[in-house]
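Working notes, structure below.
Only this structure's heavy atoms are used, side chains among them; waters, hydrogens and symmetry mates stay out.
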Amino acid sequence: MADSSDSISIDMETISLGAKEYLVKTRCGMVSVALFGDQDKPALVTYPDLALNHISCFQGLFFSPEVNSFLLHNFCIYHISPPGHEVGAAPIGSDDLMPSVDDLADQVLEVLNFFGLGSVMCMGVAAGAYVLTLFAMKYRQRVLGLILVSPLCRAPSWTEWLLNKVMSNLLYFYGMCGVVKELLLKRYFSQEVRGSVEEPESDIVQACRRLLDERQSISVQQFLEAMNGRRDLSEGLRKLHCRSLIFVGENSPFHSEALHMTSKLDRRYSALVEVQACGSIVTEEQPHAMLIPLEYFLTGFGLYRPTLSVSPKSPLSPTCISPELLSPESMGLKLEPIKTRIS
């Protein structure tokens with residue numbers, strides 16, 4: 001369990017909707033962890049995309065009533081923020097070392113050790129999905145399963161590398177300016193919710209825009225530089241035998257990346273869910289599209305315990321599926337491909 005001498009506990013209930021926030025000291029600096037729920041329950045670790053934290057990346061998923069009825073009922077949630085991305089983060093010092101993607105994956109291990117956690121379920125979005133996939137490849141015994149949203153697994157293409165360099169330079173010279181925010185919102189959301197001349201942008205985009213103003217630009221730049229230096233994980237994916245569930249929005253700039261990753265994973269242990277009319281951050285844009293696949297996926301681990309009044313009643317709930325369909329092979333074959341659209 002956590003040793004209070006090695007961390008700082010911060011009362012952030014009014015900001016984080018009931019989370020207890022820890023700052024965990026790691027070899028590469030302090031890492032913020034927002035903890036929800038009973039620590040005696042199985043652990044679900046999350047990691048957000050670039051310039052986001054648990055509020056701006058996972059709030060739509062974790063605070064919808066349907067998800068609350070089974071995820072928060074079955075898990076203790078450990079939301080890890082990239083260094084300097086937490087609410088109220090202090091600016092990173094000029095002497096602080098810039099972490100690599102391996103450093104970020106190692107920080108996840110240090111967080112697990114700090115809380116005394118063994119094997120955990122992992123959920124990551126885009127850049128966060130890369131960090132958790134790398135963590136799973138380096139420390140296989142510590143990962144029960146991967147839930148990846150619009151994941152990255154290859155080295156950046158020249159186009160992405162150049163775009164990231166432009167954003168990095170803008171962050172360095174101008175901070176979280178309007179151009180950077182527009183590029184990030186395009187990365188996160190589909191055109192449908194970003195709006196147009198005729199249609200105003202949606203509430204989730206407006207909220208995200210406000211939250212981006214709170215980010216420390218140097219922290220975002222360092223995470224961006226780490227991701228721009230990432231390596232290709234494709235060759236190691238076949239040996240990754242933990243079950244993996246991949247969600248990707250069909251309008252995500254990382255759609256082809258997710259399809260490539262699915263093709264490299266062992267089909268017996270992996271499944272793909274493509275969400276129509278959605279961008280990268282499915283957890284915010286269309287969280288309801290994740291409910292039934294998540295319920296089905298977690299049932300196979302014996303981690304899903306229905307509440308007394310499950311809502312919505314899913315045709316894939318345990319009382320409706322025969323046990324033989326819950327083998328790893330059936331899990332993968334039954335889930336791939338699923339296409340879903342929420343009206």
Residue list, side-chain hydrogen bond (donor to acceptor under 3.5 Å, both in side chains) with Thr26, at least two apart or on another chain: Gln107
Are Leu50 and Val166 connected in a single hydrophobic cluster, I mean Ile/Leu/Val/Met/Phe/Trp/Tyr linked by side-chain heavy atoms less than 4.5 Å apart? yes
Determine, using ring centers only, whether Tyr78 and Phe115 are less than 6.0 Å apart. yes
Sorted by chain and number, sequence neighbours left out, side-chain contact (heavy atoms from CB on, under 4.5 Å) with Lys181 holds for Met176, Arg209, Leu212, Asp213
Strictly by modelled atom types, are Ser234 and Asp232 linked by a side-chain donor-acceptor pair under 3.5 Å? yes
Closest contact, heavy atoms only, Leu146 versus Leu132: CD2-O, 3.9 Å
Holding to side-chain contact (heavy atoms from CB on, under 4.5 Å), I want the full list of residues that pass it with His241, two or more places apart in sequence or in another chain. Asp266, Tyr269
Any ring pair (Phe, Tyr, Trp, His ring centres under 6.0 Å) involving residues 182-202? Give me the pairs, sequence neighbours left out, ordered by first then second residue. none
List for me each residue that meets salt bridge (charged side-chain N to carboxylate O under 4.0 Å, His left out) alongside Glu199, sequence neighbours excluded, and say none if there are none. none
Measure the acute angle between the ring planes of Phe135 and Tyr139, then classify it against the limits of 30° and 60° as parallel, tilted or perpendicular. tilted
Does His85 use its side chain to pair, donor to acceptor, with the backbone of Pro83 at less than 3.5 Å? yes
Which residues pass the side-chain hydrogen bond (donor to acceptor under 3.5 Å, both in side chains) test with Ser196, sequence neighbours left out? Glu198
Output field: ring centroids Phe58/Phe63 closer than 6.0 Å: no
Arg194: salt bridge (charged side-chain N to carboxylate O under 4.0 Å, His left out) partners, not counting sequence neighbours: none
With sequence neighbours excluded, what pairs up with Thr46 under the side-chain hydrogen bond (donor to acceptor under 3.5 Å, both in side chains) test? His79
Keeping Gln276 on the side-chain end and Gly249 on the backbone end, is there a donor-acceptor pair under 3.5 Å? no
List the steps and the verdict of side-chain contact (heavy atoms from CB on, under 4.5 Å) for Leu171 and Ile218. CA-CA 7 Å; Leu171 285 163; Ile218 184 65; over 6 Å; no
Nearest heavy atoms of Gln222 and Met98, plus distance in Å: OE1-CA, 3.8 Å
Would Val149 and Val248 satisfy side-chain contact (heavy atoms from CB on, under 4.5 Å), going step by step from the backbone distance to the final call? CA-CA 6 Å; Val149 180; Val248 64; over 6 Å; no
Applied to residues 147-160, the salt bridge (charged side-chain N to carboxylate O under 4.0 Å, His left out) test, sequence neighbours excluded, yields Arg154-Glu257, Glu160-Arg230
SG-CG distance between Cys153 and Leu233, expressed to the nearest 0.5 angstrom: 6.5 Å
Can you run down the ring pair (Phe, Tyr, Trp, His ring centres under 6.0 Å) pairs that involve residues 195-219, sequence neighbours left out, and say none if there aren't any? none
Which pair of non-hydrogen atoms, one from Asn228 and one from Pro156, has the smallest distance, and what is that distance? O-CG, 3.4 Å
Considering residues at least two apart in sequence or located in another chain, which fulfil the side-chain hydrogen bond (donor to acceptor under 3.5 Å, both in side chains) criterion with Ser219? none
Which pair of heavy atoms, one from Cys57 and one from Ile281, lies closest together, and at what distance? O-CG2, 4.0 Å
Mind checking what makes salt bridge (charged side-chain N to carboxylate O under 4.0 Å, His left out) contact with Asp106, not counting sequence neighbours? Arg27, Lys138
Is it the case that the side chain of Arg187 and the backbone of Gly279 share a donor-acceptor pair, with hydrogens and angles ignored and the cut-off at 3.5 Å? no
Please confirm whether the backbone N or O of Asn169 pairs with a side-chain atom of Gln221, one donor and one acceptor, at under 3.5 Å? no
Would you kindly say whether Glu285 and Ser190 are connected by a side-chain donor-acceptor distance under 3.5 Å? yes
Between Ser280 and Ser252, do the side chains contain an N or O donor and an N or O acceptor separated by less than 3.5 Å? yes
